[in-house]
A.B. asks: 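Take a look at the following structure, please.
When reading the values below, keep in mind they use all heavy atoms of this one structure, side chains included, and skip hydrogens, waters and symmetry mates. All residue numbers refer to positions in the sequence shown, counting from 1.
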Amino acid sequence: MSKRRRALSESEFLEKPQRRLKQFETDGFEDPISPSSNGGELVLSRASASQRNEMTPTSSASHEIQSPGALNRSHRPIAISNPSHFIIKDSTFISIGSDSDGKTLPFVDSPEGKKIRKALVKNLDFGPLPDKCLPGTRVTILNEVDARIHESGDHNIIWIRGFPGVGKSALASTIISRLHERGQLLSYFVFDRGRPTVTTTRALWGRVAWDFARLFPLTRQSLLRRIDDEPVGINIAGIAPLFSALIEEPLSHLPDDMFGPNRPRLVVVIDGVDECGGLDGSRSKDRKELLMTLELWQSKIPNNIKLVVTSREDDDFKRRLLPISSIIDFSIATDEAVRDIHALLIVRLEEIAEPYSELLPTDWVDQTAKYLSQRAGGVFVWATTVANFIECGEPQSQLDDIRSGSGFGLGGEGGSLFSLYARLLRTSFKDMRENQREAFKSVVRAMIFAERPLDDAEYTSSSPVVSTTMLQYIRIGLRSVIAQGPILRFSHQSFCRFPPLARLSR
């Protein structure tokens, strides 16, 4: 039987060194960007092969040696045997760290690394990446993304837009993984309305700046100077000055040879930009600031550093992103979308059918996947929600409940998806008594509007009708639409916008 893939964790991308970026071979930069053991950083070296031979250290210890920027090209790095915690400003060396055993101290564990991390990302609640697309699916759009990344057009922003539930987050996770394997990924960020600390524009650019600092030693000094000027860290008034201090200024210290139409493409990926600003949506200050900084990215950042963003096609995004982006539409009305959903359902239904393998018809998985993939209307979240619902009970009777419903297969958030949600709620919470209804309203209201995810004790203390057993009753009823794990969170934000649920939670 096929196994479900786990979500990729934050640590896999935050701490794991990137693979070797393509070499720049001009102006004597024979090996200017290469991964080191220092927390995945990319060390910039100006030495030619012969000069590096002349600078061989007397010790076998590895050293972090780098130039301070592209301004003074006459300076050459030198080697120091067993250096320990030097910070020499306005000179050839930026920093050289070593522990007592002569081993290079990883940047993320160094005093400078800890200071930058504390200022930029310490209090951000990053969650795991969503599951990637299944192998062999989404081939057309992934190839299109690759082509846009490598084209030499006027835009350095690639906007992937589509209906809610079509699989944009799974696609973004796949893009992140592919870029990481190729050594092209600079940073990624996922806006998540369920995690308030990562719904702000400042959180986004703080994360990107931190990843730049991990990878490029030459970006660190401008950040450290800024942090030293601010007693509480980077607390700059105004989003444009913040973008300049965190992104534009640090990148200006990298060699000019890194940039230009013929340079390797490096990529930052931002998923779910429509969730920036939380529940306030397009009215939020953060979302307006985000759009402003995307315009700054287009005008200030070199074209070979690409920004891939995913979102719904909201009006404010259309007004601001259309003029500055290369657009990729995530279409649901394709035969490929039906085939990809069919492949997903085969995997899920095989898992569900395994305990009943001797009881269900031998073609149950194939016939059910074929039927449901045609009814899904190209909406992946519809298919995953149906699979979750079937998994919550005896498979055939759960499938019969879905078959008896109407309005499926229309596609889009206002069609089959909302009809499915209505059917699931009627099935899971039929004939509720008044105290059950009040408890349901209290829990769902908290899930939608709480500033952060709540634990069970906070739910039970929020209302006298929400006991531990009542909370478990609600959790069981919502199994097909909540994320796995101990914290109650909806697995897709479209459920929060389901009109009957919104009315019920008032």
A.B. asks: Can you tell me how far apart CD1 (I175) and CD1 (I149) are? Round to the nearest 0.5 Å.
C.D. replies: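 One finds 7.0 Å between CD1 of I175 and CD1 of I149.
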
A.B. asks: Checking L142 against L171 for the side chain to side chain contact (heavy atoms under 4.5 Å, CB included) test, could you report, in this order, the C-alpha distance in whole Å, the side-chain angles of both residues, the deciding distance, and whether it holds?
C.D. replies: CA-CA 8 Å; L142 286 169; L171 180 70; 3.6 Å; yes

A.B. asks: Please enumerate all residues that pass side-chain hydrogen bond (donor to acceptor under 3.5 Å, both in side chains) together with T293, with sequence neighbours excluded.
C.D. replies: W205

A.B. asks: If we count only N and O atoms by modelled type, under 3.5 Å, do the side chains of D211 and S187 hold a donor and an acceptor together?
C.D. replies: yes

A.B. asks: Determine yes or no for a side-chain-to-main-chain donor-acceptor pair under 3.5 angstrom, with T201 supplying the side chain and D286 the backbone.
C.D. replies: yes

A.B. asks: From L266 CG over to L186 CG, what is the distance, rounded to the nearest 0.5 angstrom?
C.D. replies: 4.5 Å

A.B. asks: Whether the side chain of T199 engages the backbone of C276 through a donor-acceptor N/O pair (distance < 3.5 Å, no angle test) should be reported.
C.D. replies: no

A.B. asks: Check the pair V309, I158 against side chain to side chain contact (heavy atoms under 4.5 Å, CB included), reporting the backbone distance first and the verdict last.
C.D. replies: CA-CA 6 Å; V309 300; I158 301 165; over 6 Å; no

A.B. asks: Evaluate side chain to side chain contact (heavy atoms under 4.5 Å, CB included) for F189 paired with V268, printing each intermediate quantity in order.
C.D. replies: CA-CA 8 Å; F189 188 90; V268 174; over 6 Å; no

A.B. asks: Tell me whether D271 contacts the main-chain N or O of T310 through its side chain, where contact means a donor paired with an acceptor under 3.5 Å.
C.D. replies: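 Between the backbone of T310 and the side chain of D271 there is no qualifying donor-acceptor contact (under 3.5 Å).
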
A.B. asks: Decide yes or no for F191 and D274: does some side-chain heavy atom of the first lie under 4.5 Å from some side-chain heavy atom of the second?
C.D. replies: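 Side chain of F191 against side chain of D274, heavy atoms only: no contact under 4.5 Å found.
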
A.B. asks: Taking ring pair (Phe, Tyr, Trp, His ring centres under 6.0 Å) as the cut-off, I'd like each qualifying pair that reaches into residues 272-295, sequence neighbours left out, listed once.
C.D. replies: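 Checked against ring pair (Phe, Tyr, Trp, His ring centres under 6.0 Å) - neighbours excluded - no pair reaches residues 272-295.
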
A.B. asks: Side chains of N123 and T197: closer than 4.5 Å at any heavy-atom pair?
C.D. replies: no

A.B. asks: Output all residues satisfying side chain to side chain contact (heavy atoms under 4.5 Å, CB included) with S222, sequence neighbours left out; order by chain, then residue number.
C.D. replies: R225, E249, P250, H253

A.B. asks: Is the closest basic N to carboxylate O distance between R319 and D316 below 4.0 Å?
C.D. replies: no

A.B. asks: Looking only at non-hydrogen atoms, find the nearest pair between P164 and V379 and report the distance.
C.D. replies: O-CG1, 4.1 Å

A.B. asks: Shortest non-hydrogen contact from G378 to A337?
C.D. replies: CA-CB, 4.4 Å

A.B. asks: Suppose we screen for side chain to side chain contact (heavy atoms under 4.5 Å, CB included). Which residues come up paired with R283, at least two apart in sequence or across chains?
C.D. replies: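 Applying side chain to side chain contact (heavy atoms under 4.5 Å, CB included) to R283 gives D280.
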
A.B. asks: Between R320 (side chain only) and L294 (backbone N and O only), is there a donor and an acceptor less than 3.5 Å apart?
C.D. replies: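 Checked: no pair found.
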
A.B. asks: Quick check against the 3.5 Å criterion: does S311 have a side-chain atom that pairs as donor or acceptor with the backbone of G272?
C.D. replies: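 Flag not set: sc S311 to bb G272 has no pair under 3.5 Å.
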
A.B. asks: Under 3.5 Å, side chain of S177 to main-chain N/O of T174, donor-acceptor pair present?
C.D. replies: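 Not confirmed, S177 side chain does not pair with T174 backbone.
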
A.B. asks: Tell me every residue that passes salt bridge (Lys or Arg N to Asp or Glu O under 4.0 Å) with D314, counting only those two or more places apart in sequence or in another chain.
C.D. replies: R287, R312

A.B. asks: Going by the rule side-chain hydrogen bond (donor to acceptor under 3.5 Å, both in side chains), which residues pair with R265 if we only count those two or more places apart in sequence or in a different chain?
C.D. replies: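 Once residues adjacent in sequence are excluded, the partners of R265 under the side-chain hydrogen bond (donor to acceptor under 3.5 Å, both in side chains) criterion are S152.
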
A.B. asks: By the salt bridge (charged side-chain N to carboxylate O under 4.0 Å, His left out) test, which pairs, at least two apart or in different chains, include something from residues 152-163?
C.D. replies: R161-E313, R161-D329

A.B. asks: State plainly whether the residues K114 and D109 are in salt-bridge range, i.e. N to O under 4.0 Å.
C.D. replies: no

A.B. asks: Checking side chain to side chain contact (heavy atoms under 4.5 Å, CB included) for the pair V121/L124: CA distance, chi angles, key distance, verdict?
C.D. replies: CA-CA 5 Å; V121 297; L124 300 185; 4.1 Å; yes

A.B. asks: Under 6.0 Å between the ring centres of W210 and F126?
C.D. replies: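 They do not qualify: ring centres at least 6.0 Å apart.
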
A.B. asks: Counting only N and O atoms by type, is there a donor-acceptor contact under 3.5 Å from the side chain of D340 to the main-chain atoms of R138?
C.D. replies: yes

A.B. asks: Closest approach of I301 and I305, non-hydrogen atoms and distance?
C.D. replies: CG2-CB, 3.9 Å

A.B. asks: Please report the interatomic distance CG(L246) to CZ(R226), rounded to the nearest 0.5 Å.
C.D. replies: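 The CG atom of L246 sits 8.0 Å away from the CZ atom of R226.
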
A.B. asks: Can you list everything that forms a side-chain hydrogen bond (donor to acceptor under 3.5 Å, both in side chains) with E248? Sequence neighbours excluded, please.
C.D. replies: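 Checked E248 against side-chain hydrogen bond (donor to acceptor under 3.5 Å, both in side chains); zero matches.
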
A.B. asks: Can you sort out the partners of A240 under side chain to side chain contact (heavy atoms under 4.5 Å, CB included), two or more places apart, ordered by chain and number?
C.D. replies: L296

A.B. asks: If you look at every heavy atom in I324 and Q298, which pair is closest and at what distance?
C.D. replies: O-OE1, 3.4 Å

A.B. asks: Using every non-hydrogen atom in the two residues, find where V166 and F380 come nearest and quote the distance to one decimal.
C.D. replies: O-CD1, 3.6 Å

A.B. asks: With distance as the sole test, does K168 use its side chain to make a donor-acceptor pair with the main-chain N or O of F163 at under 3.5 Å?
C.D. replies: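 Looks like yes, one N/O pair under 3.5 Å.
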
A.B. asks: When rounded to the nearest 0.5 angstrom, what distance separates CG in D131 from OG in S173?
C.D. replies: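 Interatomic distance, D131 CG to S173 OG, rounded to 0.5 Å: 7.5 Å.
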
A.B. asks: Tell me, please, which residues at least two apart from K115 pass salt bridge (Lys or Arg N to Asp or Glu O under 4.0 Å).
C.D. replies: D228

A.B. asks: Return yes if some donor-acceptor pair links the side-chain N/O of K306 with the main-chain N/O of H155 below 3.5 Å, else return no.
C.D. replies: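 Side chain of K306 to backbone of H155, a donor-acceptor pair under 3.5 Å: yes, one is there.
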
A.B. asks: With a 4.5 Å cut-off on side-chain heavy atoms, are F243 and M292 touching?
C.D. replies: no

A.B. asks: So do V269 and L307 actually touch side chain to side chain, heavy atoms under 4.5 Å?
C.D. replies: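 Result no, sub-4.5 Å side-chain heavy-atom pair not found.
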
A.B. asks: So, using side chain to side chain contact (heavy atoms under 4.5 Å, CB included) as the criterion, who are the partners of A170 when residues are at least two apart?
C.D. replies: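 Once residues adjacent in sequence are excluded, the partners of A170 under the side chain to side chain contact (heavy atoms under 4.5 Å, CB included) criterion are C133.
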
A.B. asks: Is a salt bridge present between E112 and R220, judged by a nitrogen-to-oxygen distance below 4.0 Å?
C.D. replies: no

A.B. asks: To the nearest 0.5 Å, tell me how far W297 CH2 sits from S325 OG.
C.D. replies: 12.5 Å

A.B. asks: For K288, enumerate each residue passing the side-chain hydrogen bond (donor to acceptor under 3.5 Å, both in side chains) test, keeping only those at least two apart in sequence or located in another chain.
C.D. replies: none

A.B. asks: Ignoring hydrogens and angles, tell me if any N or O in the side chain of Q184 forms a donor-acceptor pair with the backbone of L179 under 3.5 Å.
C.D. replies: no

A.B. asks: Do the non-hydrogen side-chain atoms of V198 and V190 ever get within less than 4.5 Å of each other?
C.D. replies: no

A.B. asks: Within 45° of the axis and under 6.0 Å from the centre of the six-membered ring of Y188, does NZ or CZ of R207 qualify?
C.D. replies: yes

A.B. asks: Under a 4.5 Å cut-off applied to non-hydrogen side-chain atoms, are L322 and I327 in contact?
C.D. replies: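 L322 vs I327: side chains touch.
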
A.B. asks: CG of N156 to CD of E151: how many Å apart, nearest 0.5 Å?
C.D. replies: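 So the CG of N156 and the CD of E151 are separated by 11.5 Å.
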
A.B. asks: I need the minimum non-hydrogen distance between L345 and A387, along with the two atoms involved.
C.D. replies: CD2-CB, 4.5 Å

